[in-house]
Amino acid sequence: MHPAPSIVFFTTASGAGYGLLVFASLGALVGSVPVTTTSGLVLLLPALLLVTAGLCSSTLHLGHPERAWRAFSQWRSSWLSREGVAAVATYVPALVMAWLWISAERLAPIAASATVLLALATIYCTAMIYASLQPIPRWHHPLVPPVYLALGLASGTLVGLALAARLFGIGTPALLLGLILLTAAWALKWRYWQSIDSAAPVAGTAEAIGLPERGPARLVEAPHTERNYILDEMGYRIARKHKQKLRRHAFVAGWAIPAAALLLSLLTGPSLVPAVLSIGAACTLLGTLVERWLFFAEAEHLVMLYYGKGSV
Amino acid sequence: MTGLPENPSAKKLGLVIDLDTCVGCQACVVHCKEWNTSSTASPLADTDPYGENPTGAWLNRVHGFEVEDADTNGPGRTVHFPRSCLHCENAACVTVCPTGASYKRAEDGIVLVDEAKCIGCGLCAWACPYGAREMDGVARVMKKCTLCIDRIYNQHLPVDEREPACVRTCPAKARHFGDLGDPNSDVSRLVAEREGVPLMPELGYRPTNRYLPPRRPTTAKATTALEPAPGGFLGWLDRLLAD
């Protein structure tokens, strides 16, 4: 599948933004994040900024962005519509919480809880847009929603820890929690990669043309000589060696460096922690971006069976 | 609503495509383009049509495949394979649409796009395993086969022209249009007689269109170039010469 930069950026940025919202809200609810004007500005503003930048980016690939409001109507059947509704709904408690937090240094527990639930629901809806698509076997996979949720939470938490470290000391439990979240997220991703590499093909060319028992079948004459929408959108191919290399890069940037940063923060004095965690957060965002690019680039669509791919 | 019709009628309009007689002439492709680019919806546009990189939206594409017929030990054959919207009963392209632009008609099962509501997100094209939808690079909305809804119900056309352009134009009579929901219709009988198949039924989309498999050679031997061994005098001569 064609990795459209607007969508790759959108899912990474909004995932981290919602993760950061969850981090701040839960942190305030359990009392480990102090509810002050400064902490509100430093944690909630970047979260809302990441979410909003992601959502704006997602409209860039639309043919008619001026009609985007229509996308809130079909939540009964469409995960894309549900995502839109959930994304907009999250703003309501998030803005109420942010307003009271920043202006009155007061925590609204109901708004904070609603923010957590709706932020998680939005990430889940984003993942389900892909996981519900049967013609793309690598997306129609049970690990896709957990990976989206885990990577959103992990990257948001890392950003949250890096920002919070500038305001107050980060305790060992918070650092350990970050390490556990991060490791669990990338372990899930690793499991996903193993699973799609060993998955049996869903169909072959002979099945695609309705003649399974007459096969094997092979494309000998393409229907057109030039590119078309189908090939541009669904005919994206990535070389195997590049795939392996990019997976390694994603893993090192997404997990290894940030995990080392968290461990280092546990061991060093508080003066180094903000800088170390910032590097860790930047790396995990970068790693997640590469992971998200691969999520698209590696996915194959069944329609390619009609364009010369022997099996998908 | 992009929900599928709650009370669909028994009528299921669709195409039956004969892979035995299709000669891959592309006439259906061209007539489809011609009709749909000049119909009531926005034109089926091309971008850079006379330039270096011409591309455009087409609703019907004919692919050429080589099928080995491995089970009969035959020499294999060419199968010309026209590919267009199958007007599925369980159409995911409809349910994934966030705006309600993509819909399935309750009265005859035709799947259509309301161009005024389409935001051009492309999700419906992703949801279709058969590649039936193509984005229009000029109108920036999704295009698909309408089963020539502006022909089949068109009171201004002579009765014999009220069928899809691709069916009307096919010189090999490889394309048939009718009600596949009616077991006694001509198309349903044809499907029963020729053991027509849906494409990739295991995916669960329940396509309406059917494809008629290429006919088998009368016997497997008929496909081989070798003469059967003669009997009698010729057989004796054959064995003598073979020694």
Side-chain angles (χ1 to χ4, degrees), chain A residues 1 59 61-68 70-84 129-130 132-136 139 202-203 205-224 226-230 232-234 301-307, chain B residues 1-4 19 24 29 53-58 61-71 78-79 81 83 92 94-101 117-123 125-131 133-135 137 139-142 197-200 202-205 211 213-214:
Chain A
M1 301 295 289
T59 62
H61 86 292
L62 297 181
H64 285 275
E66 78 281 4
R67 298 177 190 160
R70 289 186 181 277
F72 300 115
S73 65
Q74 303 303 310
W75 48 269
R76 287 181 200 83
S77 70
S78 163
W79 282 105
L80 178 51
S81 187
R82 285 170 197 164
E83 181 203 40
I129 295 174
Y130 306 106
S132 67
L133 295 174
Q134 226 185 325
I136 306 156
W139 290 357
V202 169
T205 307
E207 284 81 33
I209 62 172
L211 305 171
E213 77 288 2
R214 307 281 285 261
R218 185 172 75 87
L219 182 75
V220 287
E221 195 179 3
H224 43 95
E226 304 299 320
R227 305 280 305 172
N228 72 341
Y229 176 74
I230 302 277
D232 284 343
E233 194 73 1
M234 297 164 226
H301 196 288
L302 284 175
V303 72
M304 283 303 119
L305 294 174
Y306 298 107
Y307 280 96
Chain B
M1 264 308 291
T2 51
L4 294 166
L19 297 179
V29 178
N53 297 301
T55 69
W58 298 64
R61 307 268 193 184
V62 179
H63 302 237
F65 291 96
E66 173 192 67
V67 174
E68 281 192 18
D69 269 348
D71 53 342
T78 305
V79 172
F81 183 85
R83 184 174 59 80
V94 169
T95 53
V96 300
C97 176
T99 69
K117 285 185 185 166
C118 177
I119 56 174
C121 69
L123 187 57
W126 288 2
C128 175
Y130 310 105
R133 292 172 170 238
E134 297 193 15
M135 189 81 79
R140 303 176 70 79
V141 293
M142 196 57 76
V197 291
L199 300 182
M200 295 191 275
E202 61 282 2
L203 295 177
Y205 284 67
Y211 284 80

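Every heavy atom of this structure was used, including side-chain atoms; hydrogens, water molecules and symmetry mates were not. None of the values given here were measured: they were computed from a predicted structure. Within every chain, numbering begins at 1; the chains are lettered A, B, ... in the order of the sequence lines, protein sequences first and strands thereafter.
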Using 0.5 Å steps for rounding, measure from the [atom1] atom of [X] to the [atom2] atom of [Y].
X	Y	atom1	atom2	value
B:Leu123	A:Ser132	CG	OG	7.0 Å
B:Arg83	A:Tyr307	CZ	OH	4.5 Å
B:Thr95	A:Arg76	OG1	CZ	14.0 Å
A:Asp232	B:Met135	CG	CE	11.0 Å
B:Ile119	A:Arg70	CD1	CZ	10.0 Å
B:Asp69	A:Glu213	CG	CD	9.0 Å

*With sequence neighbours left out, what residues match B:Tyr205 under ring-ring contact (aromatic ring centres under 6.0 Å, His included)?*
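Partners of B:Tyr205 by the ring-ring contact (aromatic ring centres under 6.0 Å, His included) criterion come out as none, since no residue qualifies.
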_Among residues at least two apart in sequence or on other chains, which ones pass ring-ring contact (aromatic ring centres under 6.0 Å, His included) with B:Trp58?_
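Scan of B:Trp58 (ring-ring contact (aromatic ring centres under 6.0 Å, His included), adjacent residues dropped) gives none.
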*Taking atom CZ of A:Arg67 as the centre, report whether more than 12 heavy atoms of other residues, nucleotides or ligands fall under 6.0 Å from it.*
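Yes, CZ of A:Arg67 has more than 12 neighbouring heavy atoms, counting only those of other groups under 6.0 Å.
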*Is the B:Tyr130 to A:Tyr306 ring centre distance short of 6.0 Å?*
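Judged by ring-centre distance (under 6.0 Å), B:Tyr130 and A:Tyr306 do not meet the cut-off.
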*Answer with side chain, backbone, both or neither: which region of A:Ala68 has an atom nearer than 4.5 Å to a non-hydrogen atom of chain B?*
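When you check distances to chain B, only backbone atoms of A:Ala68 fall under 4.5 Å.
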*Interface moiety of A:Thr59 toward chain B, non-hydrogen atoms closer than 4.5 Å*: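 For A:Thr59, neither part sits under 4.5 Å from chain B.
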Quick one: are [X] and [Y] in side-chain contact, heavy atoms under 4.5 Å?
X	Y	answer
A:Ile129	B:Val96	no
B:Phe65	A:Arg214	no
A:Asn228	B:Thr55	no
B:Cys121	A:Leu80	yes

*asked:* Quick check against the 3.5 Å criterion: does B:His63 have a side-chain atom that pairs as donor or acceptor with the backbone of A:Leu219?
replied: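 Side chain of B:His63 to backbone of A:Leu219: no pair is present.
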*Using non-hydrogen atoms only, which part of B:Val62 is less than 4.5 Å away from chain A: side chain, backbone, both, or neither?*
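Just its backbone gets close to chain A.
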*B:Arg133, B:Glu202, B:Met142, B:Glu134: which one forms the most heavy-atom pairs within less than 4.5 Å of chain A?*
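Sorted descending by pairs with chain A, the first entry is B:Glu134.
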*Top residue by heavy-atom pair count (under 4.5 Å) with chain A, among B:Gly24, B:Ala57, B:Cys118, B:Pro213?*
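When all of B:Gly24, B:Ala57, B:Cys118, B:Pro213 are compared, B:Cys118 has the most.
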